[in-house]
Amino acid sequence: MTGSIRERLDEAIREAARALGVDGDLPDLELGRAKSSERGEYASSAGMKLARVLRQPPQQIAGRLAETIAVPDGAAAVEAVGGYVNFRLTPQWLQKLVMHVAATGPRYGAMDIGNGERLQVEFASVNPTGPMHIGHGRGAILGDSICRLLEFTGHQVQREYYVNSDNTQTRRFGASVYARLHGQEPPEGGYVGEYVTQLGEMARHDLPGVEQLPEAEAEPKLRMFAMEKVIDQTKATVARLNIRYDEWFWENTVWETGLAQGAIERLRESGYLKERDGALWFGPALQELEGEPVQKELAEEEDRVVIRSNGQPTYFASDLGYLLSRFEVRGFNRVIEVWAADHHGYVPRMKSAAAALGIDPAKLVVILHQMVNLKEGAAGSASIKMSKRAGRFVMLDELIDRVGSDPVRYFYLLRSPDTTIEFDLELAVTQSNENPVYYAQYAHARLVNVEATALEKHSRLPEQADVSLLVEPWELDVARQLAFWPEVVEDAVRLLEPHRIPYYVQDLATAVHRFYHAGNERSEHRVVVDDVDLTRARLELCRAARHTLKTALDLMGVSAPDRM
RNA sequence: GCCCCGCUAGCUCAGUUGGAUAGAGCAUCUGCCUUCUAAGCAGAGGGUCGGGGGUUCGAGUCCCUCGCGGGGCACCA
């Protein structure tokens, strides 16, 4: 039983369609979850889809499909209604599924989609000029969960944090620390947060003599010192959120290893670079002049500076070397970038750079998530963009302190990357008790508890569960939810959308709570009853649900406590 | 001005390539704890899916257009 039941039903109906004489390309028969459970769990609009090809009325086609189709394992009863073909999962199949899930345990839903593909996910790479704020938390949690999903589905994932160490921002940061060290205000465009002053104090202590050095000598030392402190803190913050990185990759290494220089050289030779106004520019449009067609998407990209007229490279130059590091030196088949929406304009530039370097731009996948804005003001109406430079932000650590890692992760993962989050810290704190994460965790804790109770009461339970005893609607409802899990994983991975997981968890937890509650209504519906066979069968269901709940929570990086 | 994202119940949001009466959580209201965990269960109210056109058997979903909100359009990242 690998893959989703949805997929197997889809194959079955396609086969039936071919048997009806549809040859050549089959249209998508749109087999998916039925909107209303009264019609079963799955439905296909195959009748309508094939009406044109078969030149028959939809109703008739659906009827013939329902007669022809061979559903694997007797998984579902098939019924034609109008032009639709509806599938209702059978109790027998659901019962068998419970056994399968209980036996598979934490691996239920895991599938080999990636075939061991080596890929890198780079996420939450913040300028090392200050602590992470709640906006960065979104990218960090999203990226981490994407990694978990990919790992769960047969990909070999490397998790990377790119430390932007060599740029105008970090130099301003160094200059700001220098100013604070000398009791001065940070320079124009510098960093004003309290932590800058603290970094200055730490430097005074840890870098003896730095105070006496002239700025030109002191600033690079202070910059490096401050960046390392910031990265140390970033590592700690991220660890609190149960986020793991394999590599903290420093930008300066692409220069020290000559990768950036090599990339520039390669582009120069292939005619993508030109000098203008004393600077070196990258322009994919140049290639077109030489008769080489350029992909439309790339051709729209404007020229970008690689080396400034003052001789300093831009971050873009580093990124060229960084591309080579990942695709050529380290040989990842694909790289997934998780960026905030304010970087969206950078996507075509990176893709065109990749193409110019001879890297398939399709292998550079960019996931954009919208911003997290601060909600402030008496009316609570003003939406403010966070700014590290201006010291106007809510630190991620503060949020974790006040709410806790699990609710924070759940809160962020619940939202699709496409929606902007208006964040109100006070509201988040007061509402954390209503965070749906507890609902799911409680379901898990209940299952653990009831399983323990069962083993306590019955010292000897049958080895094998007789799952045919699982006949109550609330029991089969749990099994039904379990049947949906693999397709949820499929969709979440294919679309790289982890937010599908918490919504599933909510549904599964609801089924579990109802199942449990049936025993509160009438004691004969409890898991632990006098009848050992019945107890054993329900225990099997508990195990199956508990494993799946735990697995889903794991994919979100959320804990599954044994008691609450 | 150009580009990207959003607009769905009072609030916060789901809704895979268009499918049959539009969903969840929170909030509000009504019931349910001597029982395996009440951080729970059952029920109720609540909607012109931002407005207007279009495409077709069928549109929250696709196209056009307008409005509102967020984010970009650097020799910042």
Side-chain angles (χ1 to χ4, degrees), chain A residues 28 30 32-36 38-39 43-45 48-49 51-52 58 81-84 86 125-127 129 164 167-170 172 189 277-281 300 302 304-310 312-316 319 340-348 368-371 373 383 385 389 411 414-422 427 431 433-439 441-443 445-454 456-457 487 490-492 494-495 497 499-500 502-503 506-507 509-510 512-514 516-523 525-529 535 538 542 563-564:
Chain A
D28 188 344
E30 290 189 344
R33 285 277 291 286
K35 286 268 174 72
S36 164
E38 283 161 29
R39 286 187 285 267
S44 163
S45 44
M48 275 77 79
K49 291 294 170 196
R52 194 159 300 159
V81 180
Y84 297 92
N86 296 333
S125 300
V126 183
N127 259 346
T129 55
N164 297 273
N167 56 64
T168 309
Q169 293 307 324
T170 57
R172 282 178 182 161
D277 307 329
L280 191 63
W281 298 72
E300 288 167 3
E302 293 169 20
R304 303 290 169 182
V305 170
V306 180
I307 308 283
R308 299 186 180 91
S309 51
N310 66 6
Q312 269 182 351
T314 62
Y315 63 92
F316 183 53
D319 281 338
D342 57 354
H343 283 60
H344 94 267
Y346 196 43
V347 176
L368 292 170
H369 66 264
Q370 294 300 310
M371 312 299 286
N373 292 329
S383 181
K385 194 190 177 190
R389 247 175 279 183
F411 172 80
L414 214 39
R415 278 159 184 74
S416 121
D418 286 339
T419 61
T420 305
I421 294 179
E422 304 289 342
L427 204 62
Q431 287 186 348
N433 282 337
E434 282 123 34
N435 193 304
V437 72
Y438 299 116
Y439 182 81
Q441 291 180 321
Y442 187 54
R446 272 183 148 178
L447 290 171
V448 170
N449 184 66
V450 76
E451 286 177 57
T453 307
E456 240 169 69
K457 159 131 195 201
E487 73 200 40
E490 270 173 11
D491 290 345
R494 186 168 47 82
L495 303 165
E497 290 183 349
H499 73 273
R500 292 166 185 279
Y503 282 96
Q506 172 73 31
D507 289 342
T510 296
V512 166
H513 283 305
R514 280 184 186 149
Y516 184 93
H517 191 263
N520 286 350
E521 294 281 319
R522 307 188 59 158
S523 56
H525 292 145
R526 291 187 186 192
V527 173
V528 186
V529 290
T535 301
R538 288 174 181 165
C542 289
R563 59 178 60 238
M564 288 175 74

| message | At less than 4.0 Å, is any side-chain N or O atom of A:Arg446 found next to OP1 or OP2 of B:rA38? Yes or no. | response | yes
| message | Heavy atoms only, 4.0 Å cut-off, all strands: where does A:Asp319 land among base, sugar-phosphate and nothing? | response | nothing
| task | May I ask you to check whether A:Tyr346 and A:Tyr315 place their ring centres under 6.0 Å from each other? | result | yes
| task | Would you tell me if any nitrogen or oxygen in the side chain of A:Thr419 comes within less than 4.0 Å of OP1 or OP2 on B:rG6? | result | no
| task | Verify the contact: side-chain N or O of A:Arg52 to OP1 or OP2 of B:rC57, cut-off strictly under 4.0 Å; return yes or no. | result | yes
| query | What nucleic acid atoms does A:Ser44 come within less than 4.0 Å of, heavy atoms only: base, sugar-phosphate, or nothing? | reply | nothing
| query | OP1 or OP2 of B:rG71 less than 4.0 angstrom from a side-chain nitrogen or oxygen of A:Tyr346, does that happen here? | reply | no
| Does the base of B:rG70 carry an N or O that pairs as donor and acceptor with the side chain of A:Thr420 under 3.5 Å? | no
| task | Determine: side-chain N/O of A:His343 to OP1/OP2 of B:rC4, distance under 4.0 Å, yes or no. | result | no
| query | Does the ring of A:Tyr84 meet both stacking tests against the six-membered base ring of B:rG19: centre distance under 5.5 Å and plane angle under 30°? | reply | no
| For A:Arg494, does the CZ atom sit with more than 12 other heavy atoms under 6.0 Å from it, leaving out its own atoms? | yes
| message | Between the base of B:rG72 and the side chain of A:His344, is one N or O donor paired with an acceptor at under 3.5 angstrom? | response | no
Might you list the N or O atoms of the protein lying below 3.5 Å from N or O atoms in nucleotides 33-35 of chain B, with each pair's distance?
residue: B:rU35; atom: O3'; partner: A:Arg526; partner atom: NH2; Å: 3.2
residue: B:rU35; atom: O2'; partner: A:Arg526; partner atom: NH2; Å: 2.7
residue: B:rU35; atom: O2; partner: A:Arg526; partner atom: NH2; Å: 3.0

| query | Would you say A:Tyr442 reaches B:rA39's phosphate, i.e. side-chain N/O to OP1/OP2 under 4.0 Å? | reply | yes
